[in-house]
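To start, the structure under review is shown below, and the notes come after it.
Only this structure's heavy atoms are used, side chains among them; waters, hydrogens and symmetry mates stay out. Ligands are counted one by one from 1 in listed order, and the atoms in each one are counted from 1 as well. It should be emphasised that the depicted structure is a prediction, and the values quoted were computed from it without experimental measurement. One-based numbering along the sequence shown.
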Amino acid sequence: MFEALKPQAQDKILALIQMFRDDPRDGKIDLGVGVYKDATGLTPVMRAVKAAEKKLWEEEKTKTYTGLAGEPAFHAAMIDLILDGTVPHDRVAAVATPGGTGAVRQALELIRLASPHATVWISDPTWPNHPSIIRYLGMPMAEYRYFDAATRGLDFDGMMADLAKVKAGDVVLLHGCCHNPTGANPTPDQWARIADLLAEKGAVPLVDLAYQGFGDGLDEDAAATRLIAKRLPEVLIAASCSKNFGIYRERTGILLAVGDAAGKATVQANLAFLNRQNYSFPPDHGARLVTMILTDPSLRTMWKEELEEVRLNMLGLRRQLAEELRRLTNSDRFDFIANHRGMFSRIGATPEEVERLRVERGIYMVGDSRLNIAGLNAETVPLLARAIADIVA
Ligand code: LMR
């Protein structure tokens with residue numbers, strides 16, 4: 001039977017990891033996959049995570065199964081982190097998932113179960129795995145405008161014009177903060193208008209929240225999600241702990257389904273059912289660490305402080321890169337890098353220029369010219385700026 005299989009195109013983001021490893025050059029710079037690196041190029045285990053792991057090793061008595069939807073304590077801690085009381089817990093069904101990708105996948109599967117003909121609207125562009133999973137599940141899909149290639153900012157008018165075409169019951173996938181791949185995000189006022197429009201249309205928002213704490217702060221980055229959860233009767237939220245807890249390989253995520261309290265038990269049963277069909281129990285180690293950190297005041301403080309260091313470091317790198325480019329190009333055309341938020345910025349280079357950056361300078365970024373700011377440090381910023389000024393500007 002295997003001869004019937006067709007070759008699969010490699011995921012473009014993940015392919016870069018291998019290409020980078022295979023490159024023998026000293027001084028190569030990896031700005032591909034979205035992973036945070038400190039000034040020494042290491043993706044560190046966060047201090048609070050190390051402390052929680054030590055405590056867990058000392059105290060954990062069993063590794064028997066958790067609940068099929070994960071541990072209720074993890075649900076409660078994450079609901080509070082994300083929604084902070086905007087919506088009562090009795091309106092929120094929750095399921096632990098293998099990472100944020102698992103949460104997106106389970107969200108889409110839930111939508112397909114409930115409403116197989118609903119169109120899922122995605123931003124143009126979006127994280128490539130979004131359309132990939134939607135297509136794989138055979139769901140109807142449409143795009144809304146998002147990015148203004150000229151300013152490298154948000155095309156808000158285009159976005160609103162396209163979202164005006166959404167039909168009642170359609171799903172609109174939004175990046176709660178730190179848009180991937182562009183780095184361009186709506187302002188709070190624009191978010192309010194988006195929420196009003198979606199409410200008026202009867203749409204169901206699916207918020208992908210993979211970078212809470214990486215943009216403007218833990219609460220600031222959740223503000224749009226909270227606004228939407230408050231404004232709309234039904235909302236899905238797919239959240240990842242990979243980035244903000246630095247536990248990428250532990251595969252820790254959660255899907256929240258906000259609806260009316262009367263329907264919660266049925267939604268909850270469907271979420272558990274989907275886990276059972278796909279992999280039974282979700283991974284527990286990362287979820288348990290996250291729960292410990294969020295519920296222990298001293299671990300929580302330790303985590304928040306380190307997350308803030310990471311966030312401010314990324315902001316500093318953005319400013320440094322924008323300033324270098326201002327100096328080298330004698331123009332403000334790259335100032336958008338300082339205005340973008342999160343790990344990524346799409347810099348607007350052509351695929352040929354991206355290829356030249358890799359071949360001639362050993363600088364790796366995704367083909368659409370998305371660069372991972374968190375892969376830079378004070379020494380590599382000037383090298384990147386020089387390369388962009390020579391090859392792109
Ligand atoms: C990224 O976009 O680089 C990250 O979300 C990692 C991934 O899985 O693609």
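Heavy-atom contacts from other residues, nucleotides or ligands closer than 6.0 Å to OH of Tyr136 number 12 or fewer. In Arg333, the CZ atom is crowded: over 12 heavy atoms of neighbouring residues, nucleotides or ligands sit closer than 6.0 Å. Counting non-hydrogen atoms of neighbouring residues, nucleotides and ligands closer than 6.0 angstrom, the CZ atom of Arg112 exceeds 12 such neighbours.
Residue Gly34 has at least one heavy-atom neighbour below 4.0 Å for each of these atoms of ligand 1: 1 (C), 3 (O). Remark: ligand 1 atoms within the under-4.0 Å shell around heavy atoms of Val33 are 3 (O), 6 (C).
For atom 9 (O) of ligand 1, the closest non-hydrogen atom on the protein side is Trp127 NE1, 3.0 Å. At the shortest separation from atom 4 (C) of ligand 1 among protein heavy atoms lies Lys243 NZ, 3.6 Å.
Of the heavy atoms in Leu14, none comes closer than 4.0 Å to ligand 1. No part of Tyr248 comes within 4.0 Å of ligand 1, judged by heavy-atom distances.
A side-chain donor from one of Asp296 and Ser298 sits under 3.5 Å from a side-chain acceptor of the other.
The two residues Leu357 and Met365 come nearest to each other via the heavy atoms CD1-CE, 3.6 Å.
Taking a 4.0 Å cut-off on heavy atoms, Arg370 registers as neighbouring ligand 1.
Distances between N or O atoms of Thr101 and those of ligand 1 include no value under 3.5 Å.
Cation-pi contact between Arg370 and Phe344: present, with separation from the ring centre below 6.0 Å and deviation from the ring axis of at most 45°.
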